[in-house]
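Just follow the structure's listing: the first ligand is 1, and inside any ligand the first atom is 1.
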Amino acid sequence: MNQPDLKVTLGPLELKNPVIAASGTFGYGKEYASLVDPNLLGGIVVKGLSLKPRPGNRPPRIVETPAGMLNAIGLANIGVEAFLKEKLPWLRTLDTAVMVNIYGHSLEEYGAVAAALKGTEGIAALEVNISCPNVDQGGMAFGTDPAVSAAVTETVLKNTDKPVIVKLTPNVTDICAVARAVEDAGAHALSLINTLTGMVIDTKTGQPVLANISGGLSGPAIRPVALHMVYRVVRAVKIPVIGIGGIMEPDDALQFLMAGAKAVQVGTANFVNPRATLEILEGIRKYCAEKGIVRIEDLTGNLNE
Ligand SMILES: Cc1cc2nc3c(=O)[nH]c(=O)nc-3n(C[C@H](O)[C@H](O)[C@H](O)COP(=O)(O)O)c2cc1C
């Protein structure tokens with residue numbers, strides 16, 4: 001059987017294959033290295049970085065839900081300075097696309113994090129998390145407003161020399177309006193979806209299970225929602241789209257590719273099966289070989305409607 005060509009192009013970014021480990025579920029890469037050779041993956045997105053280190057929310061921060069999990073980690077991270085000193089030197093030795101997920105609580109913070117990473121070798125792209133609360137607008141998430149999402153995109157682009165992927169939140173009325181605004185602002189690619197907001201109550205105590213009350217739902221429970229959003233956004237913009245949401249098996253990833261995503265990210269699956277990324281990649285390779293698909297990009301958007 002001929003080996004299919006799994007290379008994918010995301011604007012200025014070329015990946016050796018379409019399988020990427022999602023932010024917040026793969027640490028800074030090294031944590032999984034004894035189980036998954038990161039060099040085999042299309043890319044890894046590291047945990048979201050802010051300007052200063054952040055401890056995150058009080059526990060409990062995670063609860064299992066039917067076919068998924070709810071997390072309120074609160075974007076705990078080591079901050080950009082420690083990342084550059086302690087994590088990037090090892091990441092730089094890898095032969096995979098290292099993408100750095102960034103966030104801020106103000107436009108200035110987004111700009112400052114991007115600027116701190118500017119000119120740095122070994123970073124293939126920035127992924128901008130716009131699901132974060134905006135302190136200047138009463139805590140409303142940046143990504144819920146198309147104009148504010150565009151402003152974040154412009155600020156990051158002004159402060160970086162790297163390709164910019166903007167990661168969309170599904171907690172909106174019309175994700176296509178945000179996608180178009182971000183595209184018009186100059187983003188090179190989009191990734192979607194981030195988690196869906198939810199809550200769980202312990203009826204014995206009458207208390208919300210998460211100390212933060214609400215959290216972000218991820219895992220198979222969100223897959224059909226994510227898939228439909230990807231399907232719609234792909235048809236609303238011209239820039240490449242990365243599909244995320246409940247991808248556990250090769251077949252799940254194939255659905256996102258058929259909906260029009262050029263690549264996929266695997267998140268919660270890493271907690272259930274640390275080798276999920278590689279097994280999904282092998283499944284995609286096998287599917288292409290069996291179907292006689294020569295280039296994975298021939299499968300992108302190849303949907304029988
Ligand atoms: C524990 C946890 C931490 C996460 N941290 C981040 C983060 O720092 N930045 C970000 O953009 N997304 C973060 N996410 C969202 C994931 O990258 C992904 O978009 C989401 O979980 C949906 O994909 P999945 O169903 O495959 O997990 C996190 C998700 C989980 C479960």
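For Ile193, a nitrogen or oxygen atom sits less than 3.5 Å from a nitrogen or oxygen atom of ligand 1, counting backbone and side chain alike. Ligand 1 has an N or O atom lying under 3.5 Å from an N or O atom of Gly219, backbone or side chain. Of the N or O atoms in Ile62, none lie within a sub-3.5 Å distance of an N or O in ligand 1.
Counting only heavy atoms of the protein, atom 2 (C) of ligand 1 lies nearest to Asn71 ND2, 3.5 Å. Atom 15 (C) of ligand 1 has as its closest protein heavy atom Asn194 OD1, 3.4 Å. Nearest to atom 11 (O) of ligand 1 among the protein's heavy atoms is Asn101 ND2, 2.9 Å. Nearest protein heavy-atom contact of atom 13 (C) of ligand 1 is Ser23 O, 3.3 Å. Thr195 CG2, 3.8 Å is the protein heavy atom nearest to atom 20 (C) of ligand 1. With respect to atom 8 (O) of ligand 1, the closest heavy atom belonging to the protein is Lys47 NZ, 3.0 Å. The shortest contact between atom 26 (O) of ligand 1 and any protein heavy atom is with Gly267 N, 3.1 Å. Residue, atom and distance of the protein heavy atom nearest to atom 21 (O) of ligand 1 are Ser218 CB, 3.3 Å.
Close approach of ligand 1 to Gly245 (heavy-atom distance below 4.0 Å) involves ligand atoms 23 (O), 25 (O). Each of the atoms 17 (O) of ligand 1 lies under 4.0 Å from some heavy atom of Ala22. Within ligand 1, the atoms closer than 4.0 Å to a non-hydrogen atom of Gly246 are 24 (P), 25 (O), 26 (O), numbered from 1 in the order shown. Distances below 4.0 Å separate heavy atoms of Ile244 from the following atoms of ligand 1: 18 (C), 19 (O), 22 (C), 23 (O). Near Leu75, meaning under 4.0 Å from any of its heavy atoms, are these atoms of ligand 1: 7 (C), 8 (O).
A salt bridge links Lys286 with Glu290: the distance from a Lys NZ or Arg NE/NH1/NH2 to an Asp or Glu carboxylate oxygen falls below 4.0 Å. The pair Glu282-Arg285 meets the salt-bridge criterion, since a charged nitrogen lies less than 4.0 angstrom from a carboxylate oxygen. Classification of Arg275 and Asp37 as a salt-bridged pair fails, no side-chain N sitting under 4.0 Å from a carboxylate O.
Contact between Val234 and Ala261 at its shortest, heavy atoms only, is CG2-N, 4.1 Å.
The ring pair (Phe, Tyr, Trp, His ring centres under 6.0 Å) contacts involving residues 90-147 comprise Tyr103-His105, Tyr110-Phe142, where partners must be two or more places apart or lie in separate chains.
Not close to ligand 1: Ala269, with no non-hydrogen atom less than 4.0 angstrom away.
Side-chain contact between Lys47 and Thr25 is absent, with no heavy-atom pair separated by less than 4.5 Å.
Annotation for Glu121: atom CD does not count as buried by contact number, only 12 or fewer foreign heavy atoms lying within 6.0 Å.
Donor-acceptor pairing under 3.5 Å is recorded for the side chains of Glu127 and Ser191.
The CD1 atom of Ile242 sits 10.5 Å away from the CG atom of Leu168 when rounded to the nearest 0.5 Å.
Applying the side chain to side chain contact (heavy atoms under 4.5 Å, CB included) test to Ala185 and every residue at least two apart in sequence or in another chain returns Ala150, Thr153, Glu154.
Proximity of Lys167 to ligand 1, defined as any heavy-atom pair under 4.0 Å, is confined to the side chain (atoms from C-beta onward). With a 4.0 Å cut-off on non-hydrogen atoms, Thr268 touches ligand 1 through its backbone as well as its side chain.
Checked against Ser131 for a side-chain hydrogen bond (donor to acceptor under 3.5 Å, both in side chains), the options Thr195, Asn171, Asn194 give a single hit: Asn194.
Remark: the backbone N or O of Thr9 is paired with a side-chain donor or acceptor of Lys262 at under 3.5 angstrom.
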